[in-house]
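The structure appears below as structure tokens.
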Amino acid sequence: MKEFDIVIFTADKYVQFHEQVVESVKKHVTGYKDIYIISEKEIENKLDGLIYVLDKDACDVDLKFVKRPWIKQQYLKLFQKVTGDNYLV
């Protein structure tokens with residue numbers, strides 16, 4: 001099985017759940033290389049062992065024109081440049 005990265009997109013209102021999400025991923029998913037957290041704003045309380053990236057740095061597409069958050073997330077999923085070719089969203 002090829003190694004893959006895990007990408008978790010988040011918004012400010014969901015930051016409080018990061019610890020539970022990461023614990024669940026580590027418990028139920030095997031074979032991954034790194035876990036990336038992509039967010040619109042800098043996250044203050046970072047967990048050890050994760051890679052944090054701002055969405056503006058994760059994608060070469062200008063996302064300022066996107067009005068709906070769920071569409072922006074789709075662009076990020078498709079055009080993110082922080083992982084290798086194999087990643088789980």
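Side chains are part of it too, since the values below use all heavy atoms of this structure and drop only hydrogens, waters and symmetry mates. As the structure is a prediction and not an experimental result, all values here were calculated from the model.
- Across all their heavy atoms, Val53 and Ala58 have their closest contact at CG1-CB, 3.8 Å.
- Of all the heavy atoms in Asn86 and Lys2, the pair that sits closest is ND2-CD, 3.4 Å.
- No path of Ile, Leu, Val, Met, Phe, Trp and Tyr side chains, each step under 4.5 Å between heavy atoms, connects Tyr14 with Trp70, placing them in separate hydrophobic clusters.
- For Ser39, the side chain to side chain donor-acceptor pair (under 3.5 Å) test picks out no residue, with sequence neighbours left out.
- Under the 4.5 Å side-chain heavy-atom criterion for Ile, Leu, Val, Met, Phe, Trp and Tyr, Val89 and Tyr52 are members of distinct hydrophobic clusters.
- Under the side chain to side chain contact (heavy atoms under 4.5 Å, CB included) criterion, Glu42 pairs with Lys46, Leu54, not counting sequence neighbours.
- Lys33 and Asp5 make their closest contact through CB-OD1, 3.4 Å (heavy atoms, listed as atom of the first residue, atom of the second, distance).
- In this structure Tyr75 satisfies the side chain to side chain contact (heavy atoms under 4.5 Å, CB included) test together with Val61, Leu63, Phe65, Val66, Ile71, Phe79, sequence neighbours excluded.
- Between Ile35 atom CD1 and Lys26 atom NZ the span is 5.5 Å, to the nearest 0.5 Å.
- Residue pairs meeting the salt bridge (charged side-chain N to carboxylate O under 4.0 Å, His left out) criterion with at least one member in residues 59-82, sequence neighbours excluded, are Glu40-Lys72, Asp55-Lys72, Asp60-Lys81.
- The distance from the OH atom of Tyr36 to the CD1 atom of Ile6 is 11.5 Å, given to the nearest 0.5 Å.
- With sequence neighbours excluded, the residues that form a side chain to side chain contact (heavy atoms under 4.5 Å, CB included) with Glu19 are Glu23, Leu47.
- The distance from atom OG1 of Thr10 to atom NE2 of His18, rounded to the nearest 0.5 Å, is 3.0 Å.
- Note on Val29 and Ile38: separate hydrophobic clusters, where clusters join Ile, Leu, Val, Met, Phe, Trp and Tyr whose side-chain heavy atoms are under 4.5 Å apart, directly or indirectly.
- Residues satisfying the salt bridge (charged side-chain N to carboxylate O under 4.0 Å, His left out) criterion with Lys56, sequence neighbours excluded, are absent altogether.
- Following chains of ILVMFWY side-chain contacts shorter than 4.5 Å, one cannot reach Leu88 starting from Val7, and the two form parts of different hydrophobic clusters.
- Put simply, the residue from Ile51, Val82, Leu50 that forms a side-chain contact (heavy atoms from CB on, under 4.5 Å) with Asp34 is Ile51.
- When hydrophobic clusters are built by joining Ile, Leu, Val, Met, Phe, Trp and Tyr residues whose side-chain heavy atoms come closer than 4.5 Å, directly or via intermediates, Ile8 is not grouped with Leu76.
- With rounding to the nearest 0.5 angstrom, the CZ atom of Phe4 is 13.5 Å from the OH atom of Tyr87.
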